[in-house]
Amino acid sequence: MKVPVTRLGFGAAPIGNLYREISDEEAFGAVESAWQNGVRYFDTAPHYGLGLSERRLGVALTGRPRSEYVISTKVGRLLEPNDAGGDDLAAGGFAVPAKFRRVWDFSADGVKRSLESSLDRLGTDHVEIVYLHDPDDHWEQAFSEGYPALESLRAQGVVGAIGVGMNQWEMPERFVRETDIDVVMLAGRYSLLEQPALPSFLPACGERGVSVVAAGVFNSGLLSRPEVPSSAKYNYGDAPVELVSRARAIAEVCKRHEVTLPQVAIQFPMGHPAVACVVIGSRTAEQMDANSSYFETPIPSELWDELRSERLLGEEVPTP
């Protein structure tokens, strides 16, 4: 990794009131717990709570030595004033007043304006990593304008590393092969449940020296509990029956080896040499403490062998 990150990172979407409102005290407690558990990499974005996540993260990190931690944020959605009122829950998924609206913009000017606003909300003069955020429907502008703008900022030393953050692996692989990015934040496509990024994307990252930050390792909640409920979510929606059954089968193997599904899921991505870090979202100190504990729990090697023998994990899949 061009920028040093801890193996476990803090995902700050939940402290932007993802799905439900939390207090400032809860948000600050989550960041404090991350710090106490040795986390020094914090990821956020303007999208998360229409800037609330960045503001809260900046306040929570105030007073800590700036050289001792790494922040990443994202570009691609500008926040423009919104006079229509209402809240953002239905449109964006965050329980905040809709004082702003998101405007897709991967232009060079848009990238620079977005980063300047993020630095202001974070209360810092620099961030170590900047990602192009979800350019799924904006390949042309992100590739021809957004990426060169980030490349220029990196050359000027304004940011240390640049990359792309997405919920798919195909477009990130194009960035890996056709640009000089440093890192990809890959959400949900390399997890204990499924590994579609394994055959092509991860080898490309290895060949090009691109680091991978694994996010969405619980697949939107499907792998987040020891017992998998029928109401579990997957990819931000209701999980298909067949995936619930698969997750339950994996959970049973975990139980036989006296560990839990979330303990195994949070550690799984670190088995691949291209993966530098797992980022996990936490909304409270208790949740962060639990996630940190999951990450450090010893996993018996026999568990991986049984998952393979039960055809719940391919023979070619590397494990920690």
Side-chain angles (χ1 to χ4, degrees), residues 8-22 26 30 43 47-49 89-95 134 165-169 185-198 213-271 275 278-284 286-295 297 299 303-304 306-308 310-314 317 319-320:
L8 182 63
F10 180 86
I15 68 169
N17 287 2
L18 179 64
Y19 304 135
R20 65 179 178 85
E21 187 176 351
I22 64 170
E26 287 176 302
D43 174 71
H47 170 54
Y48 303 155
L89 193 57
F94 293 87
D134 295 336
M166 300 185 72
N167 294 288
Q168 58 155 295
W169 63 267
M185 177 171 280
L186 184 69
R189 304 286 72 84
Y190 188 67
S191 72
L192 182 64
L193 184 74
E194 55 183 6
Q195 303 88 42
L198 181 62
V213 171
V217 297
F218 293 150
N219 287 110
S220 297
L222 186 53
L223 306 182
S224 65
R225 304 178 192 176
E227 306 287 339
V228 181
S230 299
S231 60
K233 300 297 182 182
Y234 168 79
N235 265 17
Y236 312 108
D238 293 334
V241 173
E242 62 272 17
L243 290 185
V244 171
S245 297
R246 181 177 179 83
R248 285 174 172 169
I250 296 171
E252 285 301 314
V253 174
C254 295
K255 192 182 300 182
R256 286 197 287 272
H257 292 275
E258 300 183 344
V259 290
T260 67
L261 180 61
Q263 289 170 340
V264 179
I266 200 172
Q267 294 185 46
F268 166 77
M270 296 303 299
V275 177
V278 168
V279 163
I280 193 78
S282 300
R283 69 178 72 244
T284 64
E286 293 75 18
Q287 197 173 70
M288 185 63 228
D289 285 341
N291 286 331
S292 180
S293 175
Y294 295 161
F295 194 71
T297 299
I299 307 297
L303 176 142
W304 306 115
E306 184 171 347
L307 287 175
R308 290 190 175 96
E310 295 288 326
R311 302 197 175 193
L312 295 167
L313 203 61
V317 179
T319 50

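With sequence neighbours excluded, the residues satisfying side-chain contact (heavy atoms from CB on, under 4.5 Å) with Ala187 are Asn167, Ala215. Evaluation of the side-chain hydrogen bond (donor to acceptor under 3.5 Å, both in side chains) rule for Tyr48 yields Lys74 as partners, not counting sequence neighbours. Listed by chain and number, the residues in a salt bridge (Lys or Arg N to Asp or Glu O under 4.0 Å) with Arg308 amount to none (sequence neighbours excluded). Residues that satisfy the ring pair (Phe, Tyr, Trp, His ring centres under 6.0 Å) test with His47, not counting sequence neighbours, are Phe94, His133. Take Ser220 and apply the side-chain hydrogen bond (donor to acceptor under 3.5 Å, both in side chains) test, not counting sequence neighbours, and it matches no residue. Remark: Glu306 pairs with Arg256 by the salt bridge (Lys or Arg N to Asp or Glu O under 4.0 Å) rule, at least two apart or across chains. Contacts of Glu194 classified as salt bridge (Lys or Arg N to Asp or Glu O under 4.0 Å), with partners at least two apart in sequence or in another chain: Arg189. Listed by chain and number, the residues in a side-chain contact (heavy atoms from CB on, under 4.5 Å) with Glu26 are Ile22, Ser23, Thr284 (sequence neighbours excluded). For Asp289, there are no salt bridge (Lys or Arg N to Asp or Glu O under 4.0 Å) partners, not counting sequence neighbours.
Evaluation of the side-chain hydrogen bond (donor to acceptor under 3.5 Å, both in side chains) test over residues 221-230, restricted to residues two or more places apart or in two chains, returns Glu227-Lys255, Ser230-Arg248. Residue pairs meeting the salt bridge (charged side-chain N to carboxylate O under 4.0 Å, His left out) criterion with at least one member in residues 237-247, sequence neighbours excluded, are Lys233-Asp238. The list of salt bridge (charged side-chain N to carboxylate O under 4.0 Å, His left out) pairs with a residue in residues 9-18, not counting sequence neighbours, is empty.
Counting heavy atoms from C-beta on, the side chains of Val317 and Phe268 come closer than 4.5 Å. Looking at heavy atoms from C-beta onward, Leu198 lies out of side-chain contact with Trp169 at the 4.5 angstrom threshold.
Leu193 and Ile250 get closest at one heavy-atom pair: CA-CD1, 4.4 Å. Across all non-hydrogen atoms, the minimal contact from Ile15 to Ser282 is CG2-O, 3.7 Å.
A donor-acceptor contact shorter than 3.5 Å links the side chain of Gln267 to the backbone of Thr297. A donor-acceptor pair is defined here as one N or O able to donate and one able to accept, closer than 3.5 Å; such a pair exists between the side chain of Ser245 and the backbone of Val241.
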